[in-house]
Amino acid sequence: MKGTKFQIKVWKYLMKIPKGKVKTYKQVAIGINRPKSARAVANACSKNPYAPTVPCHRVIKSDGSIGGFSGPGGKIYKEKLLKKEGFSL
DNA sequence: CACATGACCTAAC
DNA sequence: TGTTAGGCCATGT
């Protein structure tokens with residue numbers, strides 16, 4: 001686990017997210033005691049080198065949209081993954 | 001330190 | 001409904 005303090009905090013918080021659940025970037029930002037760092041949170045997720053370890057795919061926008069995802073299939077992969085995990089409204 | 005980038009948020013047209 | 005503009009934060013150059 002290497003990275004900045006901020007990233008570590010974000011990744012740790014993401015790991016705490018129960019399977020089948022999703023959080024918004026804002027919620028995560030608030031969780032790490034940085035209510036106004038939604039952008040930085042998204043940044044940390046995109047830079048997260050522990051993709052499967054850190055469920056960055058369980059983080060969505062405040063609107064409930066997938067947001068984005070850097071990887072195979074992009075947001076499509078994220079959508080499918082969430083559905084597989086049980087994320088169904 | 002200044003500038004640029006990004007998976008954001010909100011308001012306004 | 002789609003686009004623009006401003007604000008916000010962390011990171012890298």
Side-chain angles (χ1 to χ4, degrees):
Chain A
M1 198 60 84
K2 2 189 240 313
T4 69
K5 276 291 205 266
F6 184 80
Q7 285 173 169
I8 305 294
K9 210 164 202 167
V10 174
W11 300 339
K12 272 184 164 295
Y13 190 84
L14 297 185
M15 286 189 253
K16 295 185 343 192
I17 300 180
K19 174 179 170 305
K21 286 214 154 190
V22 293
K23 280 195 183 305
T24 71
Y25 290 99
K26 200 184 291 191
Q27 284 296 316
V28 175
I30 295 172
I32 63 176
N33 208 40
R34 287 265 187 302
K36 300 205 270 313
S37 308
R39 294 186 77 166
V41 171
N43 218 333
C45 288
S46 67
K47 287 176 183 138
N48 126 62
Y50 313 95
T53 310
V54 178
C56 50
H57 55 262
R58 289 188 196 148
V59 189
I60 60 180
K61 301 211 332 186
S62 302
D63 303 275
S65 312
I66 296 302
F69 194 73
S70 305
K75 48 180 64 179
I76 306 302
Y77 177 76
K78 189 167 175 179
E79 283 178 346
K80 292 174 84 70
L81 195 58
L82 288 173
K83 262 187 183 216
K84 267 170 86 88
E85 294 204 344
F87 172 63
S88 17
L89 289 76

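Naming convention: chains lettered A, B, ... in sequence-line order (proteins, then strands); numbering from 1 in each chain. Please read these numbers as outputs of a predicted model, since none were measured by experiment.
Of the side-chain N and O atoms in R34(A), one or more sit less than 4.0 angstrom from OP1 or OP2 of dA10(C).
To the nearest 0.5 Å, atoms NZ (K23(A)) and CD1 (I30(A)) are separated by 10.0 Å.
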Please report, to 0.1 Å, the donor-acceptor pairs under 3.5 Å made by any side chain of residues 62-75 of chain A, with sequence neighbours excluded.
none

Please tabulate, for the side chains in residues 41-52 of chain A, all donor-acceptor contacts under 3.5 angstrom to protein atoms that are two or more places apart in sequence or on a different chain.
residue: N43(A); atom: OD1; partner: K47(A); partner atom: NZ; Å: 2.8
residue: S46(A); atom: OG; partner: N43(A); partner atom: O; Å: 2.6
residue: N48(A); atom: OD1; partner: Y50(A); partner atom: N; Å: 2.7
residue: N48(A); atom: OD1; partner: A51(A); partner atom: N; Å: 3.2
residue: N48(A); atom: ND2; partner: C45(A); partner atom: O; Å: 3.4
residue: Y50(A); atom: OH; partner: M1(A); partner atom: N; Å: 3.0
residue: Y50(A); atom: OH; partner: K2(A); partner atom: N; Å: 2.8

Side-chain atoms of residues 13-22 of chain A: list all donor-acceptor pairs with protein atoms under 3.5 Å, sequence neighbours left out, distances to 0.1 Å.
residue: K19(A); atom: NZ; partner: E85(A); partner atom: O; Å: 3.2

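Side-chain contact check for E79(A) versus F87(A): every heavy-atom pair is 4.5 Å or farther apart.
In this structure, A29(A) and A38(A) approach most closely via the heavy-atom pair CB-N, 3.8 Å.
Contact footprint of chain A on DNA chain B: nucleotides with an atom under 4.0 Å from a non-hydrogen protein atom, first to last in 5' to 3' order, dG6(B) to dT10(B).
In this structure, T24(A) contributes its side chain and Q27(A) its backbone to a donor-acceptor pair below 3.5 Å.
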**Request:** With side chain to side chain contact (heavy atoms under 4.5 Å, CB included) as the test, would you mind laying out the steps for I32(A) and F6(A) before giving the verdict?
**Result:** CA-CA 9 Å; I32(A) 63 176; F6(A) 184 80; 3.6 Å; yes

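Residue F6(A) is classed as a sugar-phosphate contact, given heavy-atom separations below 4.0 Å to backbone atoms only.
I30(A) has its CD1 atom 14 Å from the P atom of dC9(C), to the nearest Å. The nearest whole Å value for the distance from the NZ atom in K26(A) to the P atom in dC9(C) is 13 Å.
Taking hydrophobic clusters as Ile, Leu, Val, Met, Phe, Trp and Tyr residues chained together by side-chain heavy-atom distances below 4.5 Å, I76(A) does not share a cluster with V59(A).
The number of heavy-atom neighbours closer than 6.0 Å to NZ of K78(A), taken from other residues, nucleotides and ligands shown, is above 12.
Within a heavy-atom distance below 4.0 Å of DNA chain C, the residues of residues 44-74 of chain A found are K47(A).
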Between the protein and nucleotides 3-7 of chain C, list every N/O to N/O distance that falls short of 3.5 Å.
residue: dG7(C); atom: O6; partner: R39(A); partner atom: NH1; Å: 2.9
residue: dG7(C); atom: N1; partner: R39(A); partner atom: NH1; Å: 3.2

